[in-house]
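Quick notes on the structure that follows.
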Amino acid sequence: MKIDIVSVFPEYFEVLNLSLLGKAQEKGLVEVTAHNLRDWTHDVHHSVDDTPVGGGAGMVMKPEVWSECLDELLHLEPTTVTCDSTADADDTASADAAESAESATEIAANADAVPSTDRPVLIFPNPSAPLFTQQDATELSHANHLLFGCGRYEGYDARIPQYYRAQGVDVREYSIGDYVLNGGEVAVSVMLEAITRLLPGFMGNAASIVEESYTGENALLEHRQYTKPADWRGIKVPDVLLSGDHAKVDRFRRDEALAKTNELRPDLIEALDCSKLDKADRKTLMALGWEVSGAHPRQR
Ligand code: 6GU
């Protein structure tokens with residue numbers, strides 16, 4: 001997998017040479033290159049941002065610098081697209097706003113669920129985009145070329161993702177959570193770690209991925225883990241885990257995962273597929289106050 005990152009702080013990504021991702025690079029599983037966006041500027045100040053059209057605080061990243069950079073990294077020739085969604089319309093302002101909100105939703109929806117391996121995926125971290133999930137990480141782990149564009153300041157000109165979508169590029173925008181960061185660099189590190197650890201050969205133990213929280217169709221929070229000693233500072237490991245009875249251990253862990261998810265993330269319980277629950281799962285969920293007769297559990 002080839003990964004390009006564009007940022008005004010490319011040094012930030014030196015951390016990617018450490019730990020497992022560093023090893024994966026040495027093994028040739030991934031090739032990560034961090035580029036400095038300012039290398040594509042032509043002015044003496046190397047400016048990458050400008051004031052927002054329409055007024056407001058902060059600065060917005062300019063489309064021209066990004067396009068020179070992205071055209072080069074994506075091997076695309078500059079062109080002009082015919083498009084009226086950003087045209088001036090000074091008549092019905094509210095209708096215009098509603099329309100652009102609608103197209104924003106359209107744009108926000110990540111159209112290409114599964115990236116084709118031979119098409120590059122252009123990813124922009126954006127606090128106002130859909131949340132990045134384990135499913136997105138899994139999908140993106142199948143791509144051959146990922147290109148991340150880190151915005152800074154108040155964000156980037158909205159025409160940048162719009163233009164590259166029009167060029168047939170698989171463009172995605174993601175937020176990593178409901179909080180605001182200064183720029184996309186941390187978000188890109190988070191997404192990269194989630195994606196690359198899924199690459200075949202990246203981790204020593206493939207089974208540990210399967211059992212993790214948020215993985216698979218029936219995602220639950222993971223059960224608690226213990227190691228030896230069985231009694232530490234007066235706190236004992238649950239007896240069943242020492243029993244050697246694997247079926248009992250599995251059941252105990254599954255019930256704990258269900259109970260923990262019920263308490264902390266009932267939204268994940270609601271998303272479960274009832275047809276994939278076994279008899280014991282249903283019994284546990286019913287005891288926790290769920291109705292399990294329909295397609296998905298419902299709170300009684
Ligand atoms: Cl992707 N970017 C920024 N700047 N802030 C965020 C974020 C992304 N996700 C959550 N907060």
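All residue numbers in this chain count up from 1 along the given sequence. This is a predicted model, so every value here is computed, not measured.
- A 6.0 Å sphere centred on CG of Asp239 holds no more than 12 heavy atoms belonging to other residues, nucleotides or ligands.
- Follow the hydrophobic side-chain contacts under 4.5 Å out from Val240 and you never reach Trp232; the two are in separate clusters.
- The same ILVMFWY cluster, assembled from side-chain heavy atoms under 4.5 Å apart, contains both Leu146 and Val32.
- Asp43 CG: more than 12 foreign heavy atoms inside a 6.0 Å radius.
- At a threshold of 4.5 Å between non-hydrogen side-chain atoms, the residues Leu16 and Thr196 do not count as touching.
- Leu131 and Leu264 are members of different hydrophobic clusters when ILVMFWY side chains are connected at heavy-atom separations under 4.5 Å.
- Across Arg152, Glu64, Arg38, Lys62, a single residue satisfies side-chain contact (heavy atoms from CB on, under 4.5 Å) together with Val48, and that is Arg38.
- In this structure, Ile3 CD1 and Asn144 CG are separated by 11.0 Å, a value rounded to the nearest 0.5 Å.
- Contact check for Leu268 versus Leu221: side-chain heavy atoms found under the 4.5 Å cut-off.
- Counting heavy atoms from C-beta on, the side chains of Val81 and Tyr163 come closer than 4.5 Å.
- In the hydrophobic cluster analysis, where Ile, Leu, Val, Met, Phe, Trp and Tyr join through side-chain heavy atoms closer than 4.5 angstrom, Leu73 is grouped together with Phe9.
- If you take CE on Met59 and CG on Asp49, they are separated by 4.0 Å, rounding to the nearest 0.5 Å.
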After noting the C-alpha distance and the side-chain angles of Asp273 and His296, does the key distance pass the side-chain hydrogen bond (donor to acceptor under 3.5 Å, both in side chains) rule? CA-CA 5 Å; Asp273 177 350; His296 302 283; 5.8 Å; no
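- Grouping the Ile, Leu, Val, Met, Phe, Trp and Tyr side chains by contacts below 4.5 angstrom, directly or via other members, places Leu140 with Val190.
- Counting heavy-atom neighbours within 6.0 Å of Lys27 NZ, excluding the residue itself, gives a total above 12.
- To the nearest 0.5 angstrom, Asp4 atom CG is 5.0 Å from Thr33 atom OG1.
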Under the side-chain hydrogen bond (donor to acceptor under 3.5 Å, both in side chains) criterion, do Tyr164 and Asp71 qualify, and how do the steps go? CA-CA 9 Å; Tyr164 287 97; Asp71 285 350; 2.7 Å; yes
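- In this structure, the side chain of Lys260 does not engage the main chain of Arg265 through any donor-acceptor pair within 3.5 Å.
- Heavy atoms of other residues, nucleotides or ligands lying less than 6.0 angstrom from CD of Glu193 number 12 at most.
- Residues Trp40 and Leu70 form no side-chain contact, since every pair of their non-hydrogen atoms from C-beta on lies 4.5 Å or further apart.
- Using a 4.5 Å cut-off on side-chain heavy atoms (C-beta onward), Val30 and Lys2 make no contact.
- Pairing each heavy atom of Glu270 with each of Trp290, the nearest pair is CG-CZ3, 3.6 Å.
- A donor-acceptor contact shorter than 3.5 Å is absent between the side chain of Asp250 and the backbone of Ala247.
- Checked against side chain to side chain contact (heavy atoms under 4.5 Å, CB included), Glu291 has the following partners two or more places apart in sequence or in another chain: Ser293, Arg298, Arg300.
- With Arg253 as the partner, the side-chain contact (heavy atoms from CB on, under 4.5 Å) test is satisfied by one option alone out of Glu222, Gln225, Arg224: Gln225.
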Show, in sequence, the C-alpha distance, side-chain angles and deciding distance for Leu37 and Met61, and conclude whether the side chain to side chain contact (heavy atoms under 4.5 Å, CB included) test is met. CA-CA 10 Å; Leu37 179 64; Met61 294 187 112; 3.7 Å; yes
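- Considering CG of Asp267 and CD1 of Ile269, their distance stands at 9.0 Å, rounded to 0.5 Å.
- Minimum interatomic distance between Val171 and Arg165 (heavy atoms only, all atoms of both residues): O-NH2, 3.4 Å.
- When all heavy atoms of Pro52 and Ala57 are compared, the closest pair comes out as CG-O, 3.9 Å.
- Judged as a ring pair (Phe, Tyr, Trp, His ring centres under 6.0 Å), and not counting sequence neighbours, the contacts of Tyr156 are Phe124.
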Check step by step if side chain to side chain contact (heavy atoms under 4.5 Å, CB included) holds for Met1 and Leu199. CA-CA 9 Å; Met1 176 185 273; Leu199 295 174; 3.9 Å; yes
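- The heavy-atom pair separating Cys150 from Phe13 by the smallest distance is SG-CZ, 3.9 Å.
- With sequence neighbours left out, the salt bridge (Lys or Arg N to Asp or Glu O under 4.0 Å) criterion links Lys248 to no other residue.
- For Cys274, the side chain to side chain contact (heavy atoms under 4.5 Å, CB included) partners at least two apart in sequence or on another chain are Leu277, Val292, Pro297.
- Between Leu192 and Phe148 there is a side-chain heavy-atom pair separated by less than 4.5 Å.
- Put simply, CD1 on Ile195 and CG on Leu21 are 11.0 Å apart, with the number rounded to the nearest 0.5 Å.
- In the displayed structure, Glu263 atom CD is contacted under 6.0 Å by at most 12 heavy atoms of other residues, nucleotides or ligands.
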Glu173 and Ile123: side chain to side chain contact (heavy atoms under 4.5 Å, CB included), yes or no, with the steps? CA-CA 6 Å; Glu173 295 172 278; Ile123 303 163; over 6 Å; no
For Trp66 and Val6, run side chain to side chain contact (heavy atoms under 4.5 Å, CB included): C-alpha distance rounded to whole Å, both residues' side-chain angles, the deciding distance at 0.1 Å, then the answer. CA-CA 9 Å; Trp66 274 104; Val6 180; 3.5 Å; yes
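- Every residue two or more places apart in sequence or in another chain that forms a ring pair (Phe, Tyr, Trp, His ring centres under 6.0 Å) with Phe132 is listed here: Tyr174.
- Inter-residue side-chain proximity for Val121 and His145 is flagged as unmet; no heavy-atom pair is nearer than 4.5 Å.
- Between Leu198 and Gln134, the shortest heavy-atom distance links the atoms CD1-NE2, 3.7 Å.
- Taking every heavy atom of both residues into account, Gly149 and Pro125 meet most closely at O-CD, 3.1 Å.
- Counting heavy atoms from C-beta on, the side chains of Arg254 and Leu220 come closer than 4.5 Å.
- Atoms CZ and CG, from Arg282 and Leu285 in turn, are 9.5 Å apart once rounded to the nearest 0.5 Å.
- Taking Thr284 as the reference, Arg251, Asp255, Leu258, Leu288 meet the side chain to side chain contact (heavy atoms under 4.5 Å, CB included) condition, with sequence neighbours excluded.
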